[in-house]
Amino acid sequence: MKIGIIGAGMIGSVLAKRLGELGHEVSIANSRGPASLAELAQATGARAVTAREAARAGEIVVVTIPESEIPQLPKDLFAGVPDEVVVIDTGNYYPQQRDGRIAGIESGLPESRWVEQQLGRPVVKAFNSIYANSLDQKGRPAGTPGRVALPVAGDGAAAKAKALALVEQLGFDAIDAGGLDESWRQQPGTPVYCKDFDAERVRHALTQASPARKPEWCATDKSPGSFGQPA
Ligand SMILES: NC(=O)c1ccc[n+]([C@@H]2O[C@H](COP(=O)([O-])OP(=O)(O)OC[C@H]3O[C@@H](n4cnc5c(N)ncnc54)[C@H](OP(=O)(O)O)[C@@H]3O)[C@@H](O)[C@H]2O)c1
């Protein structure tokens, strides 16, 4: 399958590597342009492109950049991209460490609903709840006891099915976590977040989540600080 990736950091580069190993044709972009991606392209076999090209490069496009950078993407990023192309959002809101205040999320929108509004395009939320290192190392064949499971939330049945299938191909049990309005259940600070749980524990953790944002996941007047010194 042809897959575009926008963002070539920790998650984008792991996905490029792992998807390339599975035989997918990956096109990847960052903010600095294709020339800055020569080394990653060489290492993974991915094609280095612009963000606009990555948005037109596949059946699936993964957006994996910091939440605060989402509004910097071109407003017409997905103009003319066929509706059946699935957009996956891996993003998380880290107000105190990185992103600063995002009013829409602070006032209660699920993070991916806010991303969807910025992109002007439906998104499926996946891969947000696993650290890059686990995504790289912990994929296992289906049926392996204790196989790590990942929640996938989204509104379109066909789009979600494609995202669920991709999660399985990468070696994780794919759990349908409901529509995008339920996607707060897998956001930072929830019981499922970055725990590398198996399917049974993921399903249970999703039921234990609370929609209220905890104070440590809300912006303050000083946000953002840094990962070393959250503010
Ligand atoms: N790291 C993890 O373990 C992890 C796990 C799950 C989910 N996430 C979430 O996934 C998202 C990506 O995380 P990450 O850790 O991979 O980020 P990262 O390592 O900081 O990399 C960010 C990438 O986004 C690119 N980027 C920034 N602004 C852009 C723009 N306007 N256009 C195109 N590309 C742009 C950067 O390109 P340049 O370098 O050229 O600026 C860089 O390649 C975040 O929302 C994060 O919270 C991360």
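When a ligand or atom number is given, it counts from 1 through the structure's own listing order. The first residue in the sequence is number 1, and the count goes up from there.
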Is any side-chain heavy atom of L119 closer than 4.5 Å to a side-chain heavy atom of V87? yes
Who gets closest to atom 36 (C) of ligand 1 by heavy atom: L77, N30, V62, L15? N30
Please tabulate, one pair per line, all N/O donor-acceptor pairs under 3.5 Å involving side-chain atoms of residues 169-182, not counting sequence neighbours.
| residue | atom | partner | partner atom | Å |
| --- | --- | --- | --- | --- |
| Q169 | OE1 | H24 | NE2 | 2.6 |
| D173 | OD1 | R147 | NH1 | 2.7 |
| D176 | OD1 | K160 | NZ | 2.7 |
| D176 | OD1 | G178 | N | 2.9 |
| D176 | OD2 | K160 | NZ | 3.4 |
| D181 | OD1 | R113 | NE | 3.2 |
| D181 | OD1 | R113 | NH2 | 2.9 |
| E182 | OE1 | R185 | NE | 2.7 |
| E182 | OE1 | R185 | NH2 | 3.1 |

Can an N or O of N92 be found at a distance shorter than 3.5 Å from an N or O of ligand 1? yes
Rounding to 0.5 Å, atoms CG (L109) and CH2 (W114) come to a distance of 10.0 Å
Looking at K162 and E84, is any side-chain nitrogen of the basic one under 4.0 Å from a carboxylate oxygen of the acidic one? no
I'd like the name of whichever of V63, I65, T50 reaches closest to atom 11 (C) of ligand 1 through any heavy atom. I65
With a 4.0 Å cut-off on heavy atoms, is I130 in contact with ligand 1? yes
Atoms in ligand 1 with a heavy atom of L73 nearer than 4.0 Å: 30 (C), 31 (N), 32 (N)
Those atoms of ligand 1 less than 4.0 Å from some heavy atom in R32: 38 (P), 39 (O), 40 (O)
Can you sort out which atoms of ligand 1 are near A132, meaning under 4.0 Å from one of its heavy atoms? 2 (C), 3 (O)
Ligand-side contact atoms (ligand 1) for residue partner G91, heavy atom cut-off under 4.0 Å: 45 (O)
Would you mind running through ligand 1 and noting each atom that sits below 4.0 Å from a heavy atom of A8? 23 (C), 42 (C), 43 (O)
Heavy-atom gap F127 to ligand 1 smaller than 4.0 Å: yes
Taking salt bridge (charged side-chain N to carboxylate O under 4.0 Å, His left out) as the test, write out the residues that go with D198, two or more places apart. none
Starting from atom 38 (P) of ligand 1, locate the nearest protein heavy atom and write down its residue, its atom name and how far away it is, to 0.1 Å. S31 OG, 3.3 Å
Ignoring angles and geometry beyond distance, decide whether G9 reaches within less than 3.5 Å of ligand 1 through its nitrogen or oxygen atoms. yes
Under 4.0 Å from one or more heavy atoms of R98, ligand 1 contributes atoms 44 (C), 45 (O), 46 (C), 47 (O)
I'd like to check whether G7 has a polar contact with ligand 1, where a contact means an N/O of the residue lying under 3.5 Å from an N/O of the ligand. no
List the steps and the verdict of side chain to side chain contact (heavy atoms under 4.5 Å, CB included) for V202 and Q186. CA-CA 9 Å; V202 164; Q186 65 193 70; over 6 Å; no
For the backbone of V123 and the side chain of E116, can you confirm whether one donor and one acceptor N or O come within less than 3.5 Å of each other? yes
By the definition side chain to side chain donor-acceptor pair (under 3.5 Å), identify the one residue from N92, T90, T64 that meets it with N128. N92
Between T90 and ligand 1, which residue portion shows a heavy-atom distance shorter than 4.0 Å: side chain, backbone, both, or neither? both
Distance filter under 4.0 Å to P66 heavy atoms, resulting ligand 1 atoms: 22 (C), 24 (O), 45 (O)
Counting each atom of ligand 1 from 1 as listed, which ones have a heavy atom of Y131 under 4.0 Å away? 3 (O)
Below 4.5 Å, heavy atoms only, C-beta onward: do R56 and V85 meet side chain to side chain? no
Considering only heavy atoms from C-beta outward, does the side chain of L77 approach that of I6 to under 4.5 Å? yes
